[in-house]
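Just below is one structure, and these are the notes that go with it.
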Amino acid sequence: MDSLRLRARVLARVRDYFSQAGVLEVDTPVLSPAGTTDPALQSFQTRYHGPGPANGSRLYLHTSPEFPMKRLLAAGSGSIYQICKVFRDGESGRRHNPEFTLLEWYRVGFDHFDLMDDVESLLRTLLKGLVPLESVDHWTYRDLFRESTGVDPFNATVDELRGCLQSHAIASPVGLSADDRDGWLDLLMTHIIEPRLGPGLVFIHDYPASQAALARLRPGTRKVAARFEAYLNGVELANGYHELTDAAEQRRRFEQDNGRRVTQGLEPVVVDEHLLAALASGLPDCAGVALGIDRLLMVAAGAESLDAIIAFPLDDA
């Protein structure tokens, strides 16, 4: 019951924060005929059986409300936010549950630096009287890698990344391709860098372009994505972008994702043509971020696992 009361208190603060900021709460579908192409995310699937032309069609449970929210932005909604359940297959553990609560919001006219300030302001509001925010640090992805591992993530070879893991007594995983630089970089991030982040709020920004996802690239460079992640007391909490508005580039990235899925033995995913049409019609300059409410509550409660703050985790559902 304490966890339920904490959740209600924090969600009330979320709504109050955005109400005062003039950001509109919206609601979008959980089911979609298109899914995420990201090879790192696996969607739950079902089929519709009933009247109409959609009979028998495949539907995906969304991993994020991002695509329909961007359609609302393109339609002129202005800045918006949403609190919703999202679903990711194959994710269960101390900090993962296949169904979890996500807060996602978009600020028109913001870039990712403005949005990092917004995330900090929101967290100070949500955590007031619950847990102290001991410090706030900002790192570029490159500088943090150099400081923590001694390697340059933009120039190091896979052999150098593998050697760094071995020097920290971390075994190379079986099956990880030598061509998958981002996979090796992720291993260094999760096994060496994240455990050293310590208390406080840490923002990591300017990721490699190969990890841009739906972020634009920073002006004047083709190597750096306008993307950030936020960690609270060592727990990965949020992922944000200065949003890509180029429909042709977004289509190219979707197709590239599906190509990687096929290479990895995964089924390609239907591309969201409605999103691409919205981008082509004109997405306003904006930045967006997704923040895991359950992980935030875990930190606020001083818990070690999501099971302590989710009323019905997977094994008890």
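This structure is a prediction, so every number in the text was calculated from the model and none was measured.
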Approximate separation, where rounding is to 0.5 Å, of [X] [atom1] and [Y] [atom2]:
X: Asp38; Y: Arg88; atom1: CG; atom2: CZ; answer: 8.5 Å
X: Gln211; Y: Arg181; atom1: CD; atom2: CZ; answer: 9.0 Å
X: Lys223; Y: Arg142; atom1: NZ; atom2: CZ; answer: 7.0 Å
X: Ile309; Y: Glu304; atom1: CD1; atom2: CD; answer: 12.5 Å
X: Cys286; Y: His112; atom1: SG; atom2: NE2; answer: 13.5 Å
X: Leu115; Y: Arg227; atom1: CG; atom2: CZ; answer: 13.5 Å

Is there a donor-acceptor contact under 3.5 Å from the side chain of [X] to the main chain of [Y]?
X: Asn258; Y: Thr37; answer: no
X: Gln82; Y: Thr28; answer: yes
X: Thr157; Y: Glu160; answer: yes
X: Glu243; Y: Gly288; answer: yes
X: Arg196; Y: Ser148; answer: yes
X: Asp246; Y: Glu249; answer: yes
X: Asn55; Y: Gly52; answer: no
X: Glu273; Y: Val270; answer: no
X: Asp272; Y: Ala34; answer: no
X: Gln20; Y: Tyr17; answer: no

>> If the threshold is 4.0 Å, N to carboxylate O, is there a salt bridge linking Arg260 and Asp257?
In response: yes
> salt bridge (charged side-chain N to carboxylate O under 4.0 Å, His left out) between Asp16 and Arg13: does it pass, once the steps are laid out?
Replying inline: CA-CA 5 Å; Asp16 184 61; Arg13 289 183 177 185; over 6 Å; no
Assigning hydrophobic clusters by single linkage (Ile, Leu, Val, Met, Phe, Trp, Tyr; side-chain heavy-atom cutoff under 4.5 Å), is [X] placed with [Y]?
X: Leu306; Y: Leu11; value: yes
X: Val23; Y: Leu73; value: no
X: Phe154; Y: Ile204; value: yes
X: Phe100; Y: Val30; value: no
X: Tyr231; Y: Leu133; value: no

Could you check whether atom [atom1] of [X] has more than 12 heavy atoms from other residues, nucleotides or ligands sitting under 6.0 Å from it?
X: Lys85; atom1: NZ; value: yes
X: Asn155; atom1: CG; value: yes
X: Glu147; atom1: CD; value: no

> Given side chains that start at C-beta, do those of Met69 and Val26 come closer than 4.5 Å, heavy atoms only?
Replying inline: yes
> Less than 4.5 Å apart, any side-chain heavy atom of Arg107 and any of Trp105?
Replying inline: yes
Closest non-hydrogen atom pair between [X] and [Y], with its separation:
X: Ala215; Y: Arg253; value: O-NH1, 2.6 Å
X: Ala301; Y: Leu6; value: CB-CD2, 3.9 Å
X: Ala247; Y: Ala280; value: CB-N, 3.7 Å
X: Thr63; Y: Ser43; value: CG2-OG, 3.7 Å
X: Ala308; Y: Ser3; value: O-OG, 3.0 Å
X: Leu161; Y: Leu188; value: O-CD1, 3.7 Å

> Regarding Tyr81 and Glu25, is there a side-chain donor-to-acceptor distance under 3.5 Å anywhere?
Replying inline: yes
> Do Ser210 and Asp182 have side-chain N/O donor and acceptor atoms under 3.5 Å apart?
Replying inline: yes
> Would a line drawn from the ring center of Phe113 to the ring center of Tyr241 be shorter than 6.0 Å?
Replying inline: no
> For Ile83, which of Leu103, Leu291, Asp27, Leu102 qualifies under side-chain contact (heavy atoms from CB on, under 4.5 Å)?
Replying inline: Leu103
>> Would Phe145 and Tyr207 count as a ring pair (Phe, Tyr, Trp, His ring centres under 6.0 Å) here? Give the steps.
In response: CA-CA 11 Å; Phe145 259 82; Tyr207 279 67; 8.9 Å; no
>> Does anything in residues 280-301 form a side-chain hydrogen bond (donor to acceptor under 3.5 Å, both in side chains)? List the pairs, not counting sequence neighbours.
In response: Arg7-Asp294, His96-Arg295, Arg216-Asp285, His242-Asp285
> Can you check ring pair (Phe, Tyr, Trp, His ring centres under 6.0 Å) on Phe203 and Trp139, steps first, answer last?
Replying inline: CA-CA 6 Å; Phe203 290 100; Trp139 289 88; over 10 Å; no
>> Could you work out, with ring pair (Phe, Tyr, Trp, His ring centres under 6.0 Å) as the rule, every residue matching His274, not counting sequence neighbours?
In response: none
